[in-house]
Asker: 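The structure is given below, and queries will be raised subsequently.
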Amino acid sequence: QVQLAESGGGLVQAGGSLRLSCAASGGTFSRSVVGWFRQVPGKKRELVCTINWSGASLYCSNSVRVRFMISSDNARNTVYLQMNSLKPEDTADYSCGAEIESQLRLTHYLNEGDFATWGQGNQVTVSS
């Protein structure tokens, strides 16, 4: 049973950068799709970015597509979310999820329910 753990969150000023890490234990991300989601109070988790097991396929939502980058390091069993030019509206709890890759296109992995395994999340706060 694979477990996921997020790290790298914190408090930054607008315009700054953070790199979040999603590390797998008890298994690897092999043949999996990994997604970063974020959630604010009163709203459901929304997609940020996803990546497939090889790192060959990437997808990010329109709101972060230019500023955020997702990448993977299979040797470290870790998926990263590089967040640049952070805005106060990026403030949220960021979680990573994993799902066995069964679809060719990452546009099939857009919702929270598409991922079976989740980490506990970590808070990102962007001050103005």
Asker: Taking CZ in R65 as the centre, count heavy atoms belonging to other residues, nucleotides or ligands within less than 6.0 Å. Is the count above 12?
Answerer: yes

Asker: Less than 4.5 Å apart, side chain to side chain, heavy atoms only: is that true for R38 and L20?
Answerer: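 They are not in contact (no side-chain heavy atoms under 4.5 Å apart), so the answer is no.
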
Asker: Where do F115 and V33 land on the side-chain contact (heavy atoms from CB on, under 4.5 Å) test, with the steps shown first?
Answerer: CA-CA 8 Å; F115 296 83; V33 171; 3.9 Å; yes

Asker: So, for F37 and W118, is the gap between ring centers shorter than 6.0 Å?
Answerer: yes

Asker: Take a 6.0 Å sphere around CD1 of I100 and say whether it holds more than 12 heavy atoms from other residues, nucleotides or ligands.
Answerer: no

Asker: Quick one: does K87's side chain get under 4.5 Å of R67's, heavy atoms only?
Answerer: yes

Asker: Is a side-chain donor or acceptor of T91 paired with a backbone partner of V126 at a separation under 3.5 angstrom?
Answerer: yes

Asker: What I'd like to find out is whether the side chain of N111 reaches to under 4.5 Å of the side chain of K44, using heavy atoms alone.
Answerer: no

Asker: Are there more than 12 heavy atoms of other residues, nucleotides or ligands under 6.0 Å from atom CD of Q123?
Answerer: yes

Asker: So do S61 and E46 actually touch side chain to side chain, heavy atoms under 4.5 Å?
Answerer: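 E46 does not reach S61 side chain to side chain.
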
Asker: Would you find more than 12 non-hydrogen atoms of other residues, nucleotides or ligands less than 6.0 Å from Q3 atom CD?
Answerer: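 No.
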
Asker: Do Y94 and E6 have side-chain heavy atoms sitting under 4.5 Å apart?
Answerer: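 Y94 vs E6: side chains apart.
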
Asker: May I ask you to test the Y59-R105 pair for a side-chain heavy-atom distance under 4.5 Å?
Answerer: no

Asker: Taking the side chain as every heavy atom from C-beta outward, state whether M83 and D90 have any pair of such atoms under 4.5 Å apart.
Answerer: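 When only atoms from C-beta onward are counted, D90 and M83 do not touch, as no gap falls below 4.5 Å.
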
